[in-house]
> 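Would you mind keeping the following structure in view while I ask a few things?
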There are 2 protein chains.
Amino acid sequence: MEQKESSRAGKAAGRGTYAVGDERRLRILDAAVEHFAQWGFHASSLARIAKDVGITQGGLLHHFRSKEDLLVQVLERTEQHDKEKFFDEDFSTAAECYANLVRLTEYNAARLGRTRMFNVLAAEAGDPGHPAHPYFVRRYAELVAVMSASLQRAVDSGELKEGTDVIEVAEETAAVMDGLQLQWVLDPRRFDMVSRFRAYADRLLRSITAEATGLP
Amino acid sequence: MEQKESSRAGKAAGRGTYAVGDERRLRILDAAVEHFAQWGFHASSLARIAKDVGITQGGLLHHFRSKEDLLVQVLERTEQHDKEKFFDEDFSTAAECYANLVRLTEYNAARLGRTRMFNVLAAEAGDPGHPAHPYFVRRYAELVAVMSASLQRAVDSGELKEGTDVIEVAEETAAVMDGLQLQWVLDPRRFDMVSRFRAYADRLLRSITAEATGLP
DNA sequence: GTCTATAACCGGATAGAC
DNA sequence: GTCTATCCGGTTATAGAC
């Protein structure tokens, strides 16, 4: 799965280090994000995406075998980007882990189209026949694995209460993030997603942090 | 908008008390739920829905002016049903309110297609031009209003901590329910949505309940 | 009420010219 | 690499027969 990309991905791991011929490809991917965001997968059209890039539908299909192929590569691209930005380091405390998730929420709150795309695709992918179904199943599994591992270290270190169900907490946290995004996209100006997530994280951590002081 | 329906709605408010000619209408609505669930709005087709009912696309459009009309009436129907079932009474304690939401989660967990439909439509409706956009904006507002009113009564009665931000808690709870539904639909057999929501409700209530005992 | 027929379009994918 | 042309099928909505 990864070898396919290794030949064209940036060699020096620097930003923007791509083969020259891939510039058009990247512009297509960016345009596709916007369209999948607004229309979902089924209702997006290659012709309209191509038009945004300034080429025709036929031209677009020179870079991507099919519409499905385009979707999968869009997801792979954004995922790779997110992982580098937010899941590179292993957090040693739960507080750090949630501070990082607040950062992720801020990042999403600055990208309406991208966030709406994930909302729509995650929901559409509930259909087992949807091309993004395997992606989202794997995505949640990985997210929960990374988060629960962080939380488990926090339990072991004594930061969190003994007996905390770290899987449960990780899945709940993922749910809160997704649910807040749903409400935020419906009314981005009114709904303060970042504050809401921060409030959730604070209350959650307070309720699962091992109490060290205060009691006799 | 409501007069249109008043002539054909059940007169005695009893279950199933509909005009005879509306049987076909109801079967169309039920079939539409399944299709909107699997395909969302844009990618669903009137012809396929009609086929499931056993009529043609032309025949279907005798009962519903347009595809948009069908969607709106599907949403109105399910909403009316839900309100009667889960939001009829005003709850005097927060514990009762959340017990009722657990019941709602159980109800949803027994209806995969319907729940998937709401996931997809709620996400699609993030686009302001989507026919269901106004519906979902109003839906969240009403849900938060009802829940936060319940919670406020619980604060006033001393069940919950003084100074609890009831709007914040209500919006967070809605987010958890939606987020859990998203994960559940992706893998209904593995993911236990009801347990997860119960765990969330328990932890939330513990952290916002006014402590009455235990401290000197 | 339901059908068939049709209008007027849009969808993805392929083939081949340049 | 991008275009045009084309295939073949799907879409909603309307019109009119029965």
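No experiment lies behind these values; they were computed from the predicted model shown.
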> I want to verify a distance call: between C:dG11, C:dA13, D:dT12, whose nearest atom is closest to the A:Ala47 side chain?
C:dG11
> Please state whether the phosphate of C:dG11, meaning OP1 or OP2, lies under 4.0 angstrom from any side-chain nitrogen or oxygen of A:His42.
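The answer is no; no side-chain N or O of A:His42 sits under 4.0 Å from OP1 or OP2.
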> Can a cation-pi geometry be assigned to A:Arg48 and A:Trp39, taking NZ or CZ under 6.0 Å from the six-membered ring centre and within 45° of the ring axis?
yes
> Could you tell me how far apart B:Leu71 (CG) and D:dA13 (C1') are, to the nearest whole angstrom?
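Checked: the CG to C1' distance equals 17 Å.
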> Starting the side chain at C-beta, find the nucleotide from C:dG12, D:dA13, C:dC3 nearest to A:Lys67.
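Taking heavy atoms from C-beta onward, the closest nucleotide is C:dG12.
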> Is the phosphate of D:dT14 approached by B:Arg65 (side-chain N or O, under 4.0 Å from OP1 or OP2)?
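Result: no.
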> In whole Å, I'd like the distance from the CD1 atom of A:Ile49 to the C1' atom of C:dG12.
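Atom-to-atom, A:Ile49 to C:dG12, this comes out as 12 Å.
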> So, is B:Ser45 close to the D:dT11 phosphate, meaning a side-chain N or O under 4.0 Å from OP1 or OP2?
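True: B:Ser45 side-chain N/O within range (under 4.0 Å) of D:dT11 OP1/OP2.
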> May I ask you to evaluate whether A:Arg24 reaches the phosphate of D:dT2, defined as a side-chain N or O under 4.0 Å from OP1 or OP2?
yes
> Would B:Arg139 and B:Tyr135 count as a cation-pi pair here, with the cationic atom under 6.0 angstrom from the ring centre and within 45° of the axis?
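Ring-cation test returns no.
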> Over how many whole Å does the gap from A:Ile55 atom CD1 to D:dT4 atom C1' extend?
14 Å
> Whole angstrom is fine here: how far is it from CG in A:Leu60 over to P in D:dT4?
14 Å
> Check the distance between D:dG1's P and A:Asp22's CG and give it to me in whole angstrom.
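A:Asp22 atom CG is separated from D:dG1 atom P by 10 Å.
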> Round to the nearest Å and state the distance from A:His62 atom NE2 to D:dT4 atom P.
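Atom NE2 in A:His62 sits about 16 Å away from atom P in D:dT4.
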> In whole Å, what is the span from the CH2 atom of A:Trp39 to the C1' atom of C:dC10?
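Distance, rounded to whole Å: 12 Å.
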> I need the CD-P distance between A:Gln57 and D:dG1, as an integer number of Å.
19 Å
> So that I can tick it off, tell me whether B:Glu168 and A:Arg198 are bridged by a salt bridge, with the cut-off set at under 4.0 angstrom between side-chain N and carboxylate O.
no
> Can a side chain N or O of B:Thr56 be found less than 4.0 Å away from OP1 or OP2 on C:dC3?
yes
> With DNA chain C as reference, determine whether A:Gly58 or A:Ala43 sits nearer its 5' end, using the nearest nucleotide of each.
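The answer here is A:Ala43.
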> Verify whether one side chain among A:Gln73 and A:Arg25 offers a donor that lies under 3.5 Å from an acceptor in the other.
yes
> Quick one: label A:Leu61 by what it contacts on the DNA or RNA (base, sugar-phosphate, nothing), any heavy atom closer than 4.0 Å.
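If one applies the 4.0 Å heavy-atom cut-off, A:Leu61 turns out to touch a base.
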> Measure from the side-chain heavy atoms of A:Arg48 and tell me the nearest of C:dG11, C:dA13, D:dT2.
C:dG11
> Do NZ/NE/NH1/NH2 and the carboxylate oxygens of A:Asp82 and A:Arg114 come within less than 4.0 Å?
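Salt bridge between A:Asp82 and A:Arg114, a charged N being under 4.0 Å from a carboxylate O: yes.
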